[in-house]
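Counting starts at 1 for both ligands and their atoms, following the listed order. Predicted, not measured: the structure shown is a model, and the values here were computed from it. Throughout, residue positions are numbered sequentially from 1 according to the sequence presented.
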Amino acid sequence: MQTEKVLGIDIGGSGIKAAPVNTKNGLMLESRHRIPTPSPATPDNVAGIIGDLVKHFNWEGLIGCGFPAVIQQGMAKTAANVDKSWIGTDINKLFSEATGLPTYVVNDADAAGTAEMKFGAGKGKNGMVFLCTVGTGIGTVIFNNGGLVPNLELGHIEYKGMDAEAYVSDATRKAENLSWEEWAGRFSEYLDAIEKLIWPDLIILGGGASKKGDKFLHYLSVNTPVVPAELLNNAGIVGAALAGRDQYKLAKATKKTRKKMK
Ligand code: BGC
């Protein structure tokens, strides 16, 4: 199986977006295609959409997906903003069967972060980089000297007696009709709490917020430099493709080692 061109799929609360990606340079090979997330967004319904996306691109190769939950060895372990029936679902298996193609799933923030570090605002950045995606949920990821720590869920730290995500997400900003200044005040407090926990050298903001930096970046008062993500909407797709490639290679290497040990 060739690993240079991979179909990247970004599964979100409102839309499922995909495009074939050249994993060597991070460029999309065709314009992205978006299908609204089905309701209810159960595993079987979403698997149907993944099948439709594969048909749309006449895809016959490797697939990588970003999914908004903790993912261990292809299995969803949490479901903060998705249907609870995902917990315990082997997504690698479900999507591979639905498409007939090898499909690997990772956490969506891990995917977007990987793309930003390789081709965007984190390129060449060493030290501790904290990347936060602000959308329906809060996705968090840290890279230490470029190395990813997977499934970091700092969007769910307890803050002011509640789940931090419920206080600072973009969904909350909209639901509570907060002005940018009000929301940025909350978000700044959140980043302040994060700073005290992990002491990053750089903070990159991704997700929907990365496009609206001019509206709120000047209100943030954290000590660490904060920059918007550069790949904007495409980080999730590009990162999913990179993750698909890496997970596939890892699975192949593990199989080889096991064979040798027998
Ligand atoms: C989930 C994370 C996800 C983030 C962004 C959070 O609610 O717990 O796993 O990365 O939303 O989608």
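Inspection of the Gln247 and Asn92 side chains reveals no N or O donor paired with an N or O acceptor under 3.5 Å. A donor atom on one side chain and an acceptor atom on the other are found under 3.5 Å apart for Asp83 and Ser85.
Side-chain N or O atoms of Ser188 include one that pairs as donor or acceptor with a backbone N or O of Ser221 at under 3.5 Å. When atom types are taken as modelled, the side chain of Thr136 and the backbone of Ala171 share no donor-acceptor pair closer than 3.5 angstrom. Between the side chain of Asp90 and the main chain of Met75, no donor-acceptor pair closer than 3.5 Å is present.
Under the 30°/60° scheme for interplanar angles, the aromatic rings of Tyr159 and Tyr167 are found to be tilted. Using cut-offs of 30° and 60° on the angle between ring planes, the pair Trp183 and Trp180 is perpendicular.
Between Gly207, Gly236, Gly137, it is Gly137 that holds the heavy atom closest to atom 11 (O) of ligand 1.
Looking from atom 10 (O) of ligand 1 to the surrounding protein, the closest heavy atom is Asp108 OD1, 2.5 Å. In terms of protein heavy-atom proximity, atom 7 (O) of ligand 1 is closest to Glu165 OE1, 2.6 Å. Atom 9 (O) of ligand 1 has Glu153 OE2, 2.6 Å as its closest protein atom, hydrogens excluded (heavy atom only).
Using a 4.0 Å cutoff on heavy atoms, Ala69 counts as a contact of ligand 1. A heavy-atom separation below 4.0 Å is found between Ile138 and ligand 1.
Below 4.0 Å from some heavy atom of Asn107 lie the following atoms of ligand 1, by number and element: 2 (C), 3 (C), 9 (O), 10 (O). Distances below 4.0 Å separate heavy atoms of Gly139 from the following atoms of ligand 1: 4 (C), 5 (C), 10 (O). When each atom of ligand 1 is checked for a heavy atom of His156 under 4.0 Å away, the hits are 1 (C), 6 (C), 7 (O), 8 (O). Ligand 1 places these atoms under 4.0 Å from at least one heavy atom of Pro68: 1 (C), 9 (O), 12 (O). Less than 4.0 angstrom separates some heavy atom of Ala80 from each of these atoms of ligand 1: 7 (O), 8 (O). Which parts of ligand 1 touch Asn81 is read off a 4.0 Å heavy-atom cut-off, strictly below it: atoms 7 (O).
Residues Tyr104 and Asp246 form no side-chain contact, since every pair of their non-hydrogen atoms from C-beta on lies 4.5 Å or further apart.
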